[in-house]
Amino acid sequence: MPEILEVEASRRLLEERALRRRITALDAPDPWYLKRGLDAGALHDTLVGRRFTAARRHGKLLLLDIEPGSPAAASDRDHEHNPVLGLRFGMTGQLFVDGHRALDRLEYASNRPEPAWERLILHFGVRGRLLVRDPRRLGAVELDPDEDRLGVDALALTGPDIDRILGRSRAPLKAVLMDQSRLAGLGNLLTDEVLWRAELDPARRAGALDSAERRRLHRVIARTLRELGARGGSHTGDLMHSREPGGVCPKDGTPLARRTVAGRTTYSCPRHQR
DNA sequence: ATTGTGGCCTGCCCGC
DNA sequence: TGCGGGCAGGCCACAA
């Protein structure tokens with residue numbers, strides 16, 4: 001499941017291989033995959049003949065800046081922003097550029113190269129192509145996505161941010177950390193890993209954390225993202241292999257609790273997560 | 001406003 | 001061997 005680390009890897013792949021190449025054609029065979037009123041014709045008009053100038057990311061949202069059209073058109077519309085292509089990968093979406101992909105494997109998703117799962121293809125000349133493959137169609141392609149709806153990016157998190165995020169919320173800690181409008185980037189697996197490492201109960205009311213716990217949480221998020229990013233993704237956490245029925249805590253051997261918290265399957269250690 | 005719930009999508013895996 | 005049901009989770013609409 002692409003969480004922030006997988007999306008960041010995809011962003012780097014785009015930066016290395018997709019920028020400044022002219023888009024010569026596109027296929028968008030699945031209308032359902034295009035969101036907010038976008039259709040293949042409008043996408044064609046916006047993209048074909050142009051190039052991407054930058055690959056950005058906000059939480060799990062991938063953003064590709066598109067160069068302006070003709071110089072005349074650009075000066076006519078000086079007051080407007082250049083268009084931005086937004087890509088969301090949902091749970092099973094995966095990005096390829098030419099033959100290359102950002103992730104060796106994707107958890108919970110088939111890695112079979114089924115042509116029917118190809119939701120967007122941008123052609124760079126005859127040989128090059130950018131491909132979004134998504135078996136379950138939970139991802140999305142949109143134009144000019146609303147970045148304002150996302151909270152602070154988890155990779156740019158600061159200490160004061162944590163206070164704003166948790167505030168006095170009475171919601172479960174896990175729900176708040178997964179709320180993309182407060183903190184953008186953490187998904188189910190990373191959140192379980194972070195809370196396990198920080199020794200905090202996912203069901204605790206978020207606003208009830210004291211200042212020492214908030215400081216600990218901030219440090220653990222930063223460290224966990226750094227470590228797991230270096231290891232290769234969200235699924236490389238220390239809790240991951242125990243995250244199944246019958247699993248025990250890697251720290252103390254206690255049978256893990258499996259619950260639904262914030263509407264998600266949640267594993268935690270009842271002994272040391274408080 | 002904040003919090004909680006259910007549905008979307010579909011491949012895969014389990015048990016019968 | 002086939003089949004049904006449950007499960008995975010990011011995101012959104014909607015309810016309380």
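Everything quoted here is computed from the prediction, not taken from an experiment. The chains referred to below are lettered A, B, ... by the order of the sequence lines, with proteins before strands, and numbering in each begins at 1.
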Other than A:Leu61, which residues form its hydrophobic cluster under the rule that side-chain heavy atoms must be closer than 4.5 Å?
-> A:Leu63, A:Val84, A:Leu150
Taking the side chain of [X] as its heavy atoms from C-beta onward, which of [options] lies nearest to it?
X: A:Asn188; options: B:dT10, C:dG10, B:dT3; result: C:dG10
X: A:Met178; options: B:dT3, B:dG11, C:dG10; result: C:dG10
X: A:Trp117; options: C:dA8, B:dC9, B:dG11; result: B:dG11
X: A:Arg258; options: C:dC7, B:dT10, B:dT3; result: C:dC7
X: A:Glu3; options: C:dC7, C:dG10, B:dG11; result: C:dG10
X: A:Arg112; options: B:dC12, B:dC9, B:dG4; result: B:dC12

Assign A:Arg182 to base, sugar-phosphate, or nothing according to its heavy-atom contacts below 4.0 angstrom with the strands shown.
-> sugar-phosphate
Assign A:Gly263 to base, sugar-phosphate, or nothing according to its heavy-atom contacts below 4.0 angstrom with the strands shown.
-> nothing
Give each protein N/O atom lying under 3.5 Å from an N/O atom of nucleotides 11-16 of chain C, with the pair distance.
unit_1	atom_1	unit_2	atom_2	d
C:dC11	N4	A:Arg264	NH2	2.5

Name of the residue among A:His218, A:Arg204, A:Arg274 meeting side-chain hydrogen bond (donor to acceptor under 3.5 Å, both in side chains) with A:Glu213 | A:Arg204
Which residues satisfy the side-chain hydrogen bond (donor to acceptor under 3.5 Å, both in side chains) test with A:Ser268, sequence neighbours excluded?
-> A:Arg259
